[in-house]
Amino acid sequence: MNFSSARQYFYQEIQQPDDRIDLAKAALYIAQEEYPALDPEEYLNALDTMAVELQERLPSSQYPLRVIQSINQYLYDDLGFAGNKTDYYDPRNSFLNDVIDRRLGIPITLALVYLEVSRRIDFPMVGVGMPGHFLIRPDISDMEIFVDAFDRGEVIFAQDCQERLSQMFQQPVELKPEFLATVSHRQLLARVLTNLKYIYLKKQKLEKTLAAVERILLLFPGVSLELRDRGLLYYQLGHYPQAADDLQTYLAKVPDAEDAAVILRLLDELGNSDQ
């Protein structure tokens, strides 16, 4: 595994207890592998400045919906943040520095900006890992509202979430409680990296795909499917001993996997199968 300085900073950040991981720092360390000259402090200061400016615009009444309205006006009207609907799969949408510079992002990175600014004004919010479309919500008990950072901070309810899921999957979808569960900091970062993984895989940028998988495995060591995917990427990149190690580990963890026969054939090719 290539431990660049950015990777080392990322690794150090995620060694802390989950709720102490600084999401903005970790996300900037992800971006720093793409942009080695990136200075994370510049963008942390930008978030600090946003929070100071927003604080001056907050209503005297701290009722949550009023605060959300103020955040939305500041981020979307004053600063011009928007969902990138014309080029959704541009990798720049997944890098926090680019999102701050370009004012464009996808649901999870716009949510990250929203979460970080909200945290700085002492209005805690949490991520919600709805399939296909990341949301956030105020961290207030008995308040079941959600905010869509991709759609100018629109406030929605559980019924709206069900309708959006059905639209995305083009068929009726049952809204299961886990679809609206709060995500941990590690899960949020893994979702950012998973987006990058599939963007780069589609573009056949295998080294960058591998870098995304490696960092997912730093967050969640031993995840079977990520081990398999890392092994397959190693195989495609010609790193055969590492490929064999990962693929053997995958089969040991999931001996009845649906793709076990395919993996065994690859291991036979590599001449390292001990099955």
Side-chain angles (χ1 to χ4, degrees), residues 1-16 18 21 23 25-38 40 88-98 106 108-109 184-275:
M1 190 178 289
N2 172 31
F3 265 67
S4 62
S5 60
R7 183 78 57 91
Q8 290 172 24
Y9 292 138
F10 178 76
Y11 180 73
Q12 289 165 8
E13 187 62 39
I14 64 173
Q15 293 312 295
Q16 304 179 85
D18 191 88
I21 294 172
L23 281 173
K25 279 186 182 178
L28 289 165
Y29 297 145
I30 289 172
Q32 203 172 30
E33 288 205 26
E34 184 77 10
Y35 303 107
L38 184 155
Y88 192 89
Y89 297 102
D90 184 333
R92 291 177 294 178
N93 295 330
S94 293
F95 296 125
L96 183 57
N97 61 311
D98 279 325
I106 51 177
I108 194 164
T109 47
S184 68
H185 288 186
R186 287 183 178 83
Q187 287 171 323
L188 187 151
L189 294 168
R191 191 150 165 171
V192 171
L193 288 163
T194 300
N195 286 337
L196 283 170
K197 170 186 172 181
Y198 288 115
I199 288 167
Y200 286 135
L201 187 60
K202 190 172 182 181
K203 294 175 181 286
Q204 282 297 292
K205 295 186 175 181
L206 298 185
E207 292 281 3
K208 290 185 176 183
T209 309
L210 176 61
V213 173
E214 287 175 336
R215 284 171 287 177
I216 294 169
L217 283 165
L218 289 179
L219 288 160
F220 295 104
V223 173
S224 301
L225 289 179
E226 299 299 338
L227 283 171
R228 180 202 64 186
D229 289 353
R230 187 174 67 180
L232 293 171
L233 287 162
Y234 279 146
Y235 176 80
Q236 289 180 277
L237 290 165
H239 305 317
Y240 298 130
Q242 297 96 319
D245 285 347
D246 276 350
L247 296 177
Q248 285 173 346
T249 303
Y250 169 64
L251 284 184
K253 284 175 168 287
V254 196
D256 298 326
E258 289 183 7
D259 56 1
V262 175
I263 301 300
L264 278 169
R265 281 200 299 274
L266 277 179
L267 283 167
D268 285 338
E269 272 187 47
L270 292 167
N272 284 297
S273 175
D274 58 0
Q275 306 297 316

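One finds the NZ atom of Lys25 at 10.5 Å from the CD atom of Gln12 (value rounded to the nearest 0.5 Å). The CG atom of Asp245 sits 13.5 Å away from atom NE2 of His239, with the distance rounded to the nearest 0.5 Å. Distance check, rounded to the nearest 0.5 Å: OH of Tyr234 to CD of Gln242 gives 6.0 Å. Interatomic distance, Gln187 CD to Thr194 OG1, rounded to the nearest 0.5 Å: 11.0 Å. Going from atom CD of Glu214 over to atom OG1 of Thr209 covers 11.0 Å, rounded to the nearest 0.5 Å. Taking CD from Gln15 and CG from Leu218, the interatomic distance works out to 8.0 Å, rounded to the nearest 0.5 Å.
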Pair Arg191-Leu188, side-chain contact (heavy atoms from CB on, under 4.5 Å): steps then yes or no: CA-CA 5 Å; Arg191 191 150 165 171; Leu188 187 151; 5.8 Å; no
Step-by-step side-chain contact (heavy atoms from CB on, under 4.5 Å) determination, Phe95 to Leu196: CA-CA 9 Å; Phe95 296 125; Leu196 283 170; 3.6 Å; yes
Working for side-chain contact (heavy atoms from CB on, under 4.5 Å), residues Val262 and Arg265: CA-CA 5 Å; Val262 175; Arg265 281 200 299 274; 3.6 Å; yes
Evaluation steps, side chain to side chain donor-acceptor pair (under 3.5 Å), between Asp246 and Tyr235: CA-CA 10 Å; Asp246 276 350; Tyr235 176 80; over 6 Å; no
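Counting all heavy atoms, side chain and backbone alike, Ala26 lies closest to Ile21 at CB-CG2, 4.4 Å. Closest of all the heavy-atom pairs between Ala27 and Leu189 is N-CD2, 4.1 Å. Residues Leu217 and Gly222 approach most closely at CD2-N, 3.9 Å, considering heavy atoms. Minimum heavy-atom separation, Leu247 to Leu232: CD2-N, 4.1 Å. Smallest separation of non-hydrogen atoms from Lys197 and Ile216: CD-CD1, 4.4 Å. Counting all heavy atoms, side chain and backbone alike, Tyr35 lies closest to Asn97 at CD1-ND2, 3.4 Å.
By the side chain to side chain donor-acceptor pair (under 3.5 Å) test, Glu13 is found to be paired with Gln16, residues two or more places apart in sequence or in another chain being considered. Legend: residues meeting ring-ring contact (aromatic ring centres under 6.0 Å, His included) with Tyr29, ordered by chain and number and at least two apart, are Tyr9.
Looking at Arg215, its side chain does come within 3.5 Å of a backbone N or O of Ile30 through a donor-acceptor pair. Of the possible donor and acceptor atoms, one in the side chain of Arg186 sits under 3.5 Å from a partner among the backbone N and O of Ile14. Side-chain atoms of Gln32 come within 3.5 Å of backbone N or O of Leu38 as a donor-acceptor pair. With hydrogens and angles disregarded, no donor-acceptor distance shorter than 3.5 Å links the side chain of His185 to the backbone of Leu23.
With contacts defined as side-chain heavy-atom distances shorter than 4.5 Å, the pair Leu201/Leu206 qualifies. With a 4.5 Å cut-off on side-chain heavy atoms, Glu207 and Leu237 count as touching. Using a 4.5 Å heavy-atom threshold, the side chains of Gln236 and Leu233 count as touching. Ile106 has its side chain out of reach of Tyr89: every pair of non-hydrogen atoms, C-beta onward, lies at least 4.5 Å apart. Taking the side chain as every heavy atom from C-beta outward, Asn195 and Asn93 never approach each other to under 4.5 Å. Looking at Tyr250 and Leu225, their side chains come closer than 4.5 Å, going by heavy atoms from C-beta outward. Lys205 is not listed as a side-chain neighbour of Pro91, based on a closest heavy-atom distance of 4.5 Å or more. Residues Phe10 and Leu219 meet the side-chain proximity criterion, which asks for heavy atoms closer than 4.5 Å.
Counting heavy-atom neighbours within 6.0 Å of Tyr198 OH, excluding the residue itself, gives a total of 12 or less. More than 12 heavy atoms of other residues, nucleotides or ligands sit less than 6.0 Å from atom CZ of Phe220. For CD of Glu258, the number of neighbouring non-hydrogen atoms (other residues, nucleotides, ligands) closer than 6.0 Å is 12 at most.
For the pair Arg92 and Glu34, the salt-bridge criterion is not met [side-chain N within less than 4.0 Å of a carboxylate O]. Ionic pairing of Glu33 and Arg7 is present here: one or more N-O contacts between side-chain nitrogen and carboxylate oxygen are shorter than 4.0 angstrom.
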